[in-house]
Enquirer: 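Mind looking over this structure? Questions follow.
Reckoned from all heavy atoms, side chains included, excluding hydrogens, waters and symmetry mates.
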Amino acid sequence: MREYVTTKQEINKNSLPYNLYQKAKRHGIWNPVDIDFSQDKEDWKKLTPEQQLEVKTQFAQFIGGEEAVTADILPMIMAMSKKGWFEEETFLTTFLFEEAKHAEFFSLFLEEIGVTEDLSDLLTPGYHMLFDQTLPKVMGRLLEDQSPEALLDAAVTYNIFAEGVLAETGYWFFYEALSKANLFPGFISGIRNVKRDEGRHIGFGTFLIQRLISEHPELNLYDRVQQRLGELMPIAQKLTERKEGQKVTSLGIEEGRAMEFALKQLRARLEVLSRAQGKTLEEIYRTEVIFE
């Protein structure tokens with residue numbers, strides 16, 4: 001017979017996942033349809049065709065990625081349920097809602113500025129490698145395998161790499177190329193909400209990995225984290241590559257700066273994850289690891 005946590009009054013209200021759930025209820029209720037994109041429409045008309053292509057290429061990666069992660073989070077929710085980790089499962093219900101909303105946000109922005117064509121041709125080889133191959137495989141494994149290694153591989157790929165390295169690098173692009181130039185105020189206001197949501201998602205993944213490292217010291221899981229990220233970083237290289245010979249993009253992004261930022265994010269994630277070594281689960285539960 002199934003044991004119900006809530007009937008036994010044993011929800012751990014001091015746990016990080018439960019606290020992230022509370023934060024999601026307070027800060028995650030924003031609606032993309034409430035955003036005013038009127039100035040964004042005018043700004044779009046000011047861009048050159050080359051600049052418009054650069055924006056559309058970046059957006060194609062993001063909107064496709066948001067839709068992909070909305071689908072791919074489902075096996076992790078099911079894995080948390082099978083493990084009986086109610087607080088983790090509870091938070092992930094907000095995670096799914098927010099990822100779907102992010103996809104809606106990008107889609108609505110493109111519609112509002114008049115971009116209605118199919119952007120599939122702008123998806124890069126690096127995009128396809130991650131979102132069509134690597135991520136579905138590692139997340140789908142959780143349907144049958146909830147081992148520490150499978151859970152860690154999923155969290156590293158999804159939360160730390162896709163969100164904590166790649167998405168954060170995308171936000172950097174939006175700030176450097178658009179916000180600094182006072183372009184797309186409606187979009188920038190929305191991306192702040194997206195980034196805040198993603199901060200909770202990264203915080204959850206960081207916690208989950210730290211929990212696994214703490215609970216299974218015999219498995220040397222931090223070494224596995226480093227190995228996994230080393231295998232994934234070539235994808236970041238492919239996603240940040242520019243046209244051959246292009247030192248500065250049409251929106252002023254210098255060659256190599258995006259990859260430099262991605263590596264900075266990677267080092268920051270690894271440094272936080274390393275702190276789990278030698279800590280008890282109770283210490284991990286009390287740790288604040290959210291990035292906003």
Enquirer: Would a single hydrophobic cluster contain both Leu251 and Leu53, if residues Ile, Leu, Val, Met, Phe, Trp and Tyr are joined by side-chain heavy-atom contacts under 4.5 Å?
Expert: yes
Enquirer: State whether the side chain of Glu54 and the backbone N or O of Pro49 hold a donor-acceptor pair below 3.5 Å, judged by distance alone.
Expert: no
Enquirer: Less than 4.5 Å apart, any side-chain heavy atom of Leu47 and any of Phe184?
Expert: yes
Enquirer: Which heavy atom of Ile35 sits nearest to which heavy atom of Phe105, and what is that distance?
Expert: CD1-CE1, 3.7 Å
Enquirer: Indicate whether any N or O donor in one side chain lies under 3.5 Å from an N or O acceptor in the other, for Glu98 and His201.
Expert: yes
Enquirer: Is any side-chain heavy atom of Asn159 closer than 4.5 Å to a side-chain heavy atom of Ile202?
Expert: no
Enquirer: Would you call Lys45-Glu42 a salt bridge at under 4.0 Å N-O?
Expert: yes
Enquirer: Are there over 12 heavy-atom neighbours, none belonging to Met259, within less than 6.0 Å of that residue's CE?
Expert: yes
Enquirer: If every non-hydrogen atom of Asp72 is compared with every non-hydrogen atom of Met139, which pair is closest and at what distance?
Expert: O-CE, 3.1 Å
Enquirer: Would you sort out whether Tyr127 and Ile235 count as a side chain to side chain contact (heavy atoms under 4.5 Å, CB included), showing the intermediate values?
Expert: CA-CA 8 Å; Tyr127 171 92; Ile235 296 177; over 6 Å; no
Enquirer: Are the side chains of Leu16 and Glu87 in touch, meaning some heavy atoms are under 4.5 Å apart?
Expert: no
Enquirer: Tell me yes or no: between the side chains of Asp223 and Gln227, is some donor less than 3.5 Å from an acceptor?
Expert: no
Enquirer: Would you call Asn19 and Lys13 a side-chain contact if the rule is heavy atoms closer than 4.5 Å?
Expert: no
Enquirer: Inspect the surroundings of CD in Glu117 and state if more than 12 heavy atoms from other residues, nucleotides or ligands are less than 6.0 Å away.
Expert: yes
Enquirer: So is Arg211 actually on top of Trp85's ring, under 6.0 Å and inside 45° of the axis?
Expert: yes
Enquirer: Would you indicate whether Lys83, at its atom NZ, is surrounded by more than 12 heavy atoms from other residues, nucleotides or ligands within a distance under 6.0 Å?
Expert: yes
Enquirer: Could you give the distance from CD (Glu88) to CZ (Phe86), rounded to the nearest 0.5 Å?
Expert: 10.5 Å
Enquirer: Does Ile188 belong to the same Ile/Leu/Val/Met/Phe/Trp/Tyr cluster as Val115, with side-chain heavy atoms less than 4.5 Å apart forming each link?
Expert: yes
Enquirer: Tell me which one of Lys101, His102, Lys23 satisfies side chain to side chain donor-acceptor pair (under 3.5 Å) with Asp197.
Expert: His102
Enquirer: Spell out, yes or no, whether Val69 and Met129 are grouped together once hydrophobic residues are joined by side-chain heavy atoms under 4.5 Å, including indirect joins.
Expert: yes
Enquirer: Return yes if some donor-acceptor pair links the side-chain N/O of Gln146 with the main-chain N/O of Leu142 below 3.5 Å, else return no.
Expert: yes
Enquirer: For the residue pair Arg228 and Phe161, establish whether any side-chain heavy-atom pair is separated by less than 4.5 Å.
Expert: no
Enquirer: Would you call Glu215 and Leu281 a side-chain contact if the rule is heavy atoms closer than 4.5 Å?
Expert: yes
Enquirer: Are more than 12 heavy atoms, taken from residues, nucleotides or ligands other than Lys137, located less than 6.0 Å from that residue's NZ atom?
Expert: no
Enquirer: Under a single-linkage definition using a 4.5 Å side-chain heavy-atom cutoff for Ile, Leu, Val, Met, Phe, Trp and Tyr, are Val138 and Leu96 assigned to the same hydrophobic cluster?
Expert: yes
Enquirer: Roughly how far, to the nearest 0.5 Å, is CD of Glu198 from CD of Glu163?
Expert: 4.5 Å
Enquirer: Roughly how far, to the nearest 0.5 Å, is CG of Leu152 from OG of Ser147?
Expert: 9.5 Å
Enquirer: Is the ring centre of Phe174 less than 6.0 Å from the ring centre of Phe187?
Expert: yes
Enquirer: Are the aromatic ring centres of Phe91 and Tyr18 under 6.0 angstrom apart?
Expert: no
Enquirer: Is Val55 close to Gln51 at the side-chain level, that is, under 4.5 Å between some pair of heavy atoms?
Expert: no
Enquirer: If you group Ile, Leu, Val, Met, Phe, Trp and Tyr by side-chain heavy-atom gaps below 4.5 Å, do Ile77 and Tyr158 land in one group?
Expert: yes
Enquirer: Could you give the side-chain donor-acceptor pairs of residues 59-67 under 3.5 Å, partners two or more places apart or in another chain?
Expert:
residue	atom	partner	partner atom	Å
Gln61	OE1	Thr124	OG1	3.4
Gln61	NE2	Thr57	O	3.2
Gln61	NE2	Leu122	O	2.8

Enquirer: Can any side-chain N or O of Gln277 pair as donor or acceptor with the backbone N or O of Ser274 at less than 3.5 Å?
Expert: yes
Enquirer: Determine the minimum heavy-atom distance between Ser250 and Glu50, stating which atoms define it.
Expert: OG-O, 3.5 Å
Enquirer: Looking at Glu149 and Leu221, what are the two nearest heavy atoms and their distance?
Expert: CG-CD2, 4.4 Å
Enquirer: Within a strict 4.5 Å, meaning less than it, do heavy atoms of the Arg196 and Trp30 side chains meet?
Expert: no
Enquirer: Any donor and acceptor pair, going by atom type alone, linking the side chain of Tyr222 with main-chain N or O of Leu270 inside 3.5 Å?
Expert: yes
Enquirer: For the side chain of Glu283 and the backbone of Thr280, is there at least one donor-acceptor N/O pair under 3.5 Å apart?
Expert: yes
Enquirer: Would you say Thr157's side chain and Leu135's backbone share a donor-acceptor pair under 3.5 angstrom?
Expert: no
Enquirer: On a heavy-atom basis, which atom in Pro32 and which in Leu108 lie closest, and how many Å separate them?
Expert: O-CD2, 3.4 Å
Enquirer: To the nearest 0.5 Å, what is the distance between CG (Asp121) and NZ (Lys56)?
Expert: 11.0 Å
Enquirer: Restricting to non-hydrogen atoms, name the atom on Ile213 and the atom on Leu273 that form the minimum distance, rounded to 0.1 Å.
Expert: CD1-O, 4.0 Å
Enquirer: Give the C-alpha distance, both sets of side-chain angles, the deciding distance and a yes or no for side chain to side chain contact (heavy atoms under 4.5 Å, CB included) between Leu219 and Arg224.
Expert: CA-CA 9 Å; Leu219 297 179; Arg224 190 180 182 95; over 6 Å; no
Enquirer: Side chain to side chain contact (heavy atoms under 4.5 Å, CB included) between Leu263 and Arg267: does it pass, once the steps are laid out?
Expert: CA-CA 6 Å; Leu263 288 170; Arg267 289 191 292 268; 3.8 Å; yes
Enquirer: Please round to the nearest 0.5 Å and tell me the distance separating atom CZ of Arg269 and atom CD1 of Ile160.
Expert: 6.5 Å
Enquirer: So does Ala24 get a backbone contact from the side chain of Thr94, meaning a donor-acceptor N/O pair under 3.5 Å?
Expert: no
Enquirer: Hey, does the side chain of Ser107 reach the backbone of Ala103 with a donor-acceptor pair shorter than 3.5 angstrom?
Expert: no
Enquirer: What distance do Leu166 atom CG and Leu266 atom CG have between them, rounded to the nearest 0.5 Å?
Expert: 10.5 Å
Enquirer: Apply the test side chain to side chain contact (heavy atoms under 4.5 Å, CB included) to residues Asn182 and Gln39: give CA-CA distance (whole Å), side-chain angles for both, the deciding distance (0.1 Å), then the verdict.
Expert: CA-CA 10 Å; Asn182 293 316; Gln39 183 58 49; over 6 Å; no
